[in-house]
Amino acid sequence: MGTERKRKVSLFDVVDDSLAKKVKSNGGANNSVANALINRWNARPYSQRYFDILEKRKTLPVWHQKEEFLQVLKDNQTLILVGETGSGKTTQIPQFVLDAVELETPDKRKKMMIACTQPRRVAAMSVSRRVAEEMDVTIGEEVGYSIRFEDCSSARTVLNLTSGFHRYLTDGMLLREAMTDPLLERYKVIILDEAHERTLATDVLFGLLKEVLKNRPDLKLVVMSATLEAEKFQGYFFGAPLMKVPGRLHPVEIFYTQEPERDYLEAGIRTVVQIHMCEPPGDILVFLTGEEEIEDACRKITKEISNLGDQVGPVKVVPLYSTLPPAMQQKIFEPPPPPLKEGGIPGRKIVVSTNIAETSLTIDGIVYVIDPGFAKQKVYNPRVRVESLLVSPISKASAHQRSGRAGRTQPGKCFRLYTERSFNNDLQPQTYPEILRSNLANTVLTLKKLGIDDLVHFDFMDPPAPETLMRALEVLNYLGALDDDGNLTKLGEIMSEFPLDPQMSKMLVVSPEFNCSNEILSISAMLSDECVLLGCHQQLSSLGSMPPVGMHHRILIPNCFVRPREAQKAADEAKARFGHIDGDHLTLLNVYHAYKQNNEDPSWCYDNFVNHRALKSADNVRQQLVRIMARFNLKQCSTDFNSRDYYVNIRKAMLAGYFMQVAHLERTGHYLTVKDNQVVHLHPSNCLDHKPEWVIYNEYVLTSRNFIRTVTDIRGEWLVDVAPHYYDLSNFPQCEAKRVLEKLYKKREKEKEETRSRR
DNA sequence: GAGCACTGC
């Protein structure tokens, strides 16, 4: 047998002496957890087991400060408002604001609006509903929301306003509005909520609003944030006054381990078991980094606790991550299981979650939080233009946010699986804002459209690396969105209107020239929806336990649900049904066509292992793209399906957008990305039946190897035709691809000469 | 022959 991993028990393992003895007397001979617990118990004095409470909260009702708040807002253009979760600022402050400012415009008949931004759609929606309720008005009349695909604050209502109007929207939506209304003139007050989250849109809005405020002395800005960075915000916004809103959370005791943990997953599981054995009733929330890890942990926790037998209460172990379908996410709100027998030990709910439970989803009843201190975070490498996800240590702010999740309904405890020293010395105070971790091509395009010409001197709160900006400008220039002086071109103007990456917008805008805009629209919609290809969970949850199969014949369901062989068979069937040998993009198109031909029938989707919910949302995206195309008179057209050029045209159009994402098959059998010369591998989910000499890819993923995912076969000749400016050999690194391209250029020259001499 | 943190337009 393999070597058994040595258990390392951390300091808060043993809480109660008598319980440890009880475990021993019950003869847990097969129970390694109990044994480890007892050994450790014997080895350490109790006094060393705990560190002390770190964070205690004062409670002072926000409402005492209302008058002060109104006065400060009257006297200042910008105000920073700091408050913990649960302070009620999100619903209360906008209402105060309404009392504080005169919403009438010089034209007395017109009223103005208050914008309140949130980083997430659900929040914008639910907060506006709650406020409407509190104000006792119908949603959409005095309070409304505006998110992508859904505007619940129609222009008609707003025009007829007799009082002020609160509009809750996502930060991204406000940024969109700024593109057509640069001074945001419809708003009298703008409230940026959850500003500490520092989303890309929030950061761009920061810089933009600083400019707008200078040009609109009547505009008020309220920046609402959690505590830690308040002074930084203050400094950035012209030393604006800062007000504090006390929180209403219960105190949370923080515990650290005395020594670093080698294996956070194992330590997390062990801590869950310890809490379950030793702590009073209350649900547990464990933070882990991803789907696979979470499913794995759920299985292990269930197993270990069932090994304990009836000396402990029953548990309900629930996974939580965003790709889980809503029906299964709902399980986190179910009550803990009842005692096994009357008067027995009460049950416990154990939620094992990604960062989604840190901010996006709130679970009441959590008393214990286990924080191993890691999360998957996006990082961007401008040198090779690759964004990837990396498991990395969280920030102090994030740790703080996690621990707060234990104190929503009663005093709680947070177990940090790292040392206090590590917390103080190793964790950075804040998570790096997204703008420092992203490819900024799209952001730069938006900024250009907003009229920001000098990006280098744009007042970012945290300026991105110059190399990242250079890369973005370069990409946009190659795509023809910016001219050589960095000015927005007509093409760039149109591209900026699409809620897509620049490569994809470019492909869409030029697709009519290749006589295939209908097909490119479908492919774009399918690509921009995150999980069209992963039908598994949805099927499982809605229709029973069928083999979980995505169109990429991936097997994503934990093996406990299905035997791999069956899943593989079903996957192969699905592949045979829709797979296009020339590439994954074309396979996506096949799926979309089949879906439409079968009248969008959910049971057809089920029978064919495709995700109905995802296809519906892709269709929604497609409709939005169609509307934008129509606005710019870009015609919708298709090549005759029976023509040999049908797929050729589609592949060429894709290349017109993605010519910078091409890989060449070397004689060694490896793919090298063109120009960047990175060794990459076709992701095994591809549906090609051969290894093409040239491929375009949609995504570059760094996992166990460098993979390119969603790939399509293209021809070298097309590179020379479609993007000669990028495939300019005088500016090209020495490589095999270059030599092949040289031949292709010569071939083209020869053909040209021949046609000339024939004339 | 591998596996999508979380958002957003």
Query raised in the report: So which of residues 370-382 of chain A are in contact with DNA chain B, with a heavy-atom cut-off of under 4.0 Å?
Result: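 Here the set is A:K376, A:K378.
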May I ask you to verify if any side-chain N or O of [X] is less than 4.0 angstrom from the OP1 or OP2 atom of [N]?
X      : N     : result
A:R148 : B:dT7 : no
A:T354 : B:dC6 : yes
A:R709 : B:dC4 : yes
A:T170 : B:dC9 : yes
A:S685 : B:dA2 : no

Between [atom2] of [N] and [atom1] of [X], the distance in whole Å:
X      : N     : atom1 : atom2 : result
A:E197 : B:dC6 : CD    : P     : 14 Å
A:H683 : B:dC4 : NE2   : P     : 6 Å
A:H670 : B:dG1 : NE2   : C1'   : 14 Å
A:E295 : B:dC4 : CD    : P     : 14 Å
A:I394 : B:dC6 : CD1   : C1'   : 14 Å
A:L390 : B:dC4 : CG    : C1'   : 15 Å
A:Y700 : B:dA2 : OH    : P     : 16 Å
A:D501 : B:dC9 : CG    : P     : 15 Å

Report task. From the options B:dA2, B:dC9, B:dT7, select the nucleotide whose nearest atom is closest to the side chain of A:R121. Result ->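 Ranking B:dA2, B:dC9, B:dT7 by closest atom to the A:R121 side chain puts B:dC9 first.
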Query raised in the report: Closest to the A:F707 side chain: B:dA2, B:dC4, B:dT7?
Result: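 Minimum distance to the A:F707 side chain belongs to B:dA2.
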What is the nucleic acid contact for [X], judged by heavy atoms within less than 4.0 Å: base, sugar-phosphate only, or nothing?
X      : result
A:T199 : nothing
A:R120 : sugar-phosphate
A:I147 : sugar-phosphate
A:L389 : base

Query raised in the report: Starting at the 5' end of DNA chain B and moving along, which residue's nearest nucleotide shows up first, A:L702 or A:F498?
Result: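 That would be A:L702.
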Query raised in the report: What pairs with A:D426 under salt bridge (charged side-chain N to carboxylate O under 4.0 Å, His left out), at least two apart in sequence or on another chain?
Result: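 Expected list: none.
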Query raised in the report: Counting heavy atoms not belonging to A:K616, are there more than 12 under 6.0 Å from its NZ?
Result: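 No - once you tally the heavy atoms of other residues, nucleotides and ligands closer than 6.0 Å, there are 12 at most.
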Query raised in the report: Does the A:R631 side chain pair with the main chain of A:V626, one donor and one acceptor, at a distance under 3.5 Å?
Result: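 No, because the side chain of A:R631 does not come within donor-acceptor range (under 3.5 Å) of the backbone of A:V626.
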Query raised in the report: Taking atom types as modelled and ignoring hydrogens, do the side chains of A:E387 and A:Y700 form a donor-acceptor contact shorter than 3.5 angstrom?
Result: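 On atom types as modelled, these side chains do not qualify, holding no pair under 3.5 Å.
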Report task. Apply side-chain contact (heavy atoms from CB on, under 4.5 Å) to A:S496 and list each qualifying residue two or more places apart in sequence or on a separate chain. Result ->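 Per chain and number, A:S496 pairs via side-chain contact (heavy atoms from CB on, under 4.5 Å) with A:M179, A:L445, A:K449.
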Requested in this report: Could you list the residues that satisfy ring-ring contact (aromatic ring centres under 6.0 Å, His included) with A:F460, not counting sequence neighbours?
Outcome: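 Once residues adjacent in sequence are excluded, the partners of A:F460 under the ring-ring contact (aromatic ring centres under 6.0 Å, His included) criterion are A:F458.
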Query raised in the report: In chain order, what residues pass the ring-ring contact (aromatic ring centres under 6.0 Å, His included) check against A:F374, with sequence neighbours excluded?
Result: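 Testing A:F374 for ring-ring contact (aromatic ring centres under 6.0 Å, His included), a comparison that skips the adjacent residues, returns A:Y264.
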What donor-acceptor contacts under 3.5 angstrom involve side-chain atoms of residues 502-510 of chain A, with partners at least two apart or in another chain?
{"from": "A:S505", "atom 1": "OG", "to": "A:D501", "atom 2": "O", "distance (Å)": "2.9"}
{"from": "A:K506", "atom 1": "NZ", "to": "A:L479", "atom 2": "O", "distance (Å)": "3.0"}

